[in-house]
Amino acid sequence: MDKQCTPEDEVPQVGNAPRKAFLRAEGLYKSYTLGKRSVDVLRGVSLTVQAAGFVAVRGASGAGKSTLLHLLGGLDSPNSGEIEIEGQNLTALSPSQLSRFRNIKVGFIFQAYHLFPELDALENVCLPGRMARMEAAKTVSKARGLLAMVGLAHRMEHRPYELSGGEQQRVAIARALINEPRLILADEPTGNLDSHTGEEIIEVLCGLGKEREATLIIATHDAKLAGRAPRVLELVDGEIRGE
């Protein structure tokens with residue numbers, strides 16, 4: 001049986017005071033217009049996640065998993081509802097403030113990797129640090145360390161087309177960590193990988209909460225990956241139907 005990652009209940013609590021949620025989403029509705037038709041994707045989703053928690057969101061294609069992650073990470077805005085992360089109301093931020101928030105506070109890992117093909121692995125990982133105006137030498141040093149952490153110390157100068165799918169996903173994970181984000185959002189991170197490589201990526205992801213004290217939310221079809229999370233939410237037709 002696969003061992004679960006550290007559950008949210010093990011996050012330290014000060015005295016008898018209740019822990020304030022790291023992330024709180026309340027009544028999220030999101031719809032898109034396709035031609036003359038409006039499609040409801042999220043229908044009143046609410047959830048709270050504690051700091052350093054690990055939550056998997058499961059559901060069929062079209063259930064709204066990717067949309068939920070995009071809203072939680074500030075890549076998109078809800079039609080209604082509120083998202084609060086560490087006391088910061090995302091729905092009240094200006095576009096420039098939201099962009100800054102995403103760059104510093106959130107690390108994104110996508111199924112399609114989204115690496116820049118003209119840049120090598122090291123340059124791809126350095127990009128968010130440079131956008132955050134991190135000192136150049138520090139950025140490169142951190143990027144090298146992260147690539148070594150995910151097992152790519154020998155592949156830093158290779159471009160994406162020279163890397164396997166698993167290696168590209170490792171680069172994407174390293175890139176997501178360069179600014180030491182408090183929240184990591186992964187959308188089907190094993191979806192394009194074979195089972196063996198997928199298990200390797202699962203091990204890397206499961207270590208993030210412990211090593212980085214980051215909060216991890218993953219949208220996945222992968223039963224093995226969801227099984228490693230101490231908390232699993234079932235998203236059905238835009239609503240959380242079970243936990």
Side-chain angles (χ1 to χ4, degrees), residues 1-28 42 44-59 63-75 78 81-91 101-102 104-111 149-150 172-173 176-190 201-236 239-243:
M1 181 183 227
D2 289 328
K3 184 179 179 181
Q4 287 186 336
C5 298
T6 304
E8 291 182 337
D9 292 344
E10 293 182 12
V11 178
Q13 180 174 331
V14 179
N16 294 320
R19 288 173 294 154
K20 186 174 182 180
F22 168 81
L23 180 152
R24 181 185 64 84
E26 189 71 33
L28 298 182
L42 294 180
V45 170
S46 298
L47 72 152
T48 59
V49 182
Q50 301 297 337
F54 178 12
V55 179
V57 181
R58 295 192 65 187
K65 302 188 302 298
S66 295
T67 298
L68 177 59
L69 259 60
H70 290 174
L71 297 186
L72 297 180
L75 286 174
E82 285 195 349
I83 301 166
E84 189 177 275
I85 297 177
E86 290 192 310
Q88 180 83 65
N89 185 351
L90 268 60
T91 53
F101 177 88
R102 287 194 304 265
I104 299 298
K105 292 282 190 178
V106 187
F108 293 96
I109 303 168
F110 300 99
Q111 178 179 354
M149 182 195 78
V150 298
I173 291 171
L177 299 176
I178 189 74
N179 288 335
E180 301 180 10
R182 298 274 289 139
L183 174 64
I184 299 171
L185 301 173
D187 191 2
E188 297 288 0
T190 60
I201 295 301
I202 289 171
E203 291 303 321
V204 173
L205 291 171
C206 277
L208 295 181
K210 297 175 185 177
E211 295 172 11
R212 304 269 161 177
E213 297 185 350
T215 299
L216 180 62
I217 303 177
I218 296 178
T220 184
H221 284 103
D222 190 329
K224 278 199 170 185
L225 177 51
R228 297 293 296 274
R231 184 180 175 201
V232 181
L233 303 179
E234 294 288 342
L235 196 59
V236 180
E239 300 177 353
I240 293 177
R241 297 280 181 87
E243 179 171 348

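Just so you know, these numbers use all the heavy atoms, side chains as well, and skip hydrogens, waters and symmetry mates.
- The two residues Asp222 and Thr220 come nearest to each other via the heavy atoms N-OG1, 2.8 Å.
- Here the closest non-hydrogen pair linking Phe22 and Gln50 is CB-C, 3.7 Å.
- Shortest non-hydrogen contact noted between Leu69 and Ala186 is CD2-O, 3.3 Å.
- Heavy atoms only, all atoms of each residue included: Phe54 and Arg228 are closest at CE2-O, 3.8 Å.
- Minimum interatomic distance between Ser66 and Asp187 (heavy atoms only, all atoms of both residues): OG-OD2, 2.7 Å.
- The CD atom of Glu188 sits 5.0 Å away from the NE2 atom of His221 when rounded to the nearest 0.5 Å.
- Asn179 places no side-chain N or O within 3.5 Å of a backbone atom of Pro181 that could act as its donor or acceptor partner.
- Here Leu183 contributes atom CG and Lys105 contributes atom NZ; the two are 10.5 Å apart, rounded to the nearest 0.5 Å.
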Please lay out, stage by stage, how Met149 and Leu177 fare under the test side-chain contact (heavy atoms from CB on, under 4.5 Å). CA-CA 11 Å; Met149 182 195 78; Leu177 299 176; 3.7 Å; yes

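- Separating the CG atom in Leu28 from the CD1 atom in Ile83 is a distance of 5.0 Å, to the nearest 0.5 Å.
- Considering all non-hydrogen atoms of both residues, Gly27 and Ser46 come closest at N-OG, 2.8 Å.
- To the nearest 0.5 Å, atom OG1 of residue Thr48 and atom CD of residue Glu26 are 9.5 Å apart.
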Check step by step if side-chain contact (heavy atoms from CB on, under 4.5 Å) holds for Val106 and Leu72. CA-CA 9 Å; Val106 187; Leu72 297 180; over 6 Å; no

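- The pair Glu234-Arg241 does not count as a salt bridge, with every side-chain nitrogen at least 4.0 angstrom from each carboxylate oxygen.
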Which is it for Leu235 and Val45 under the side-chain contact (heavy atoms from CB on, under 4.5 Å) test, yes or no, and what are the steps along the way? CA-CA 9 Å; Leu235 196 59; Val45 170; 4.1 Å; yes

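- A distance of 7.5 Å separates CD1 of Ile109 from CD1 of Ile218, quoted to the nearest 0.5 Å.
- With rounding to the nearest 0.5 angstrom, the CD atom of Glu203 is 10.5 Å from the CG atom of Leu225.
- Of the candidates Leu185, Ile184, Leu68, Leu185 is the only one forming a side-chain contact (heavy atoms from CB on, under 4.5 Å) with Ile217.
- Contact of the Leu205 side chain with the Pro189 side chain is registered, since non-hydrogen atoms from C-beta on lie closer than 4.5 Å.
- A donor-acceptor pair under 3.5 Å is formed between the side chain of Lys65 and the backbone N or O of Gly59.
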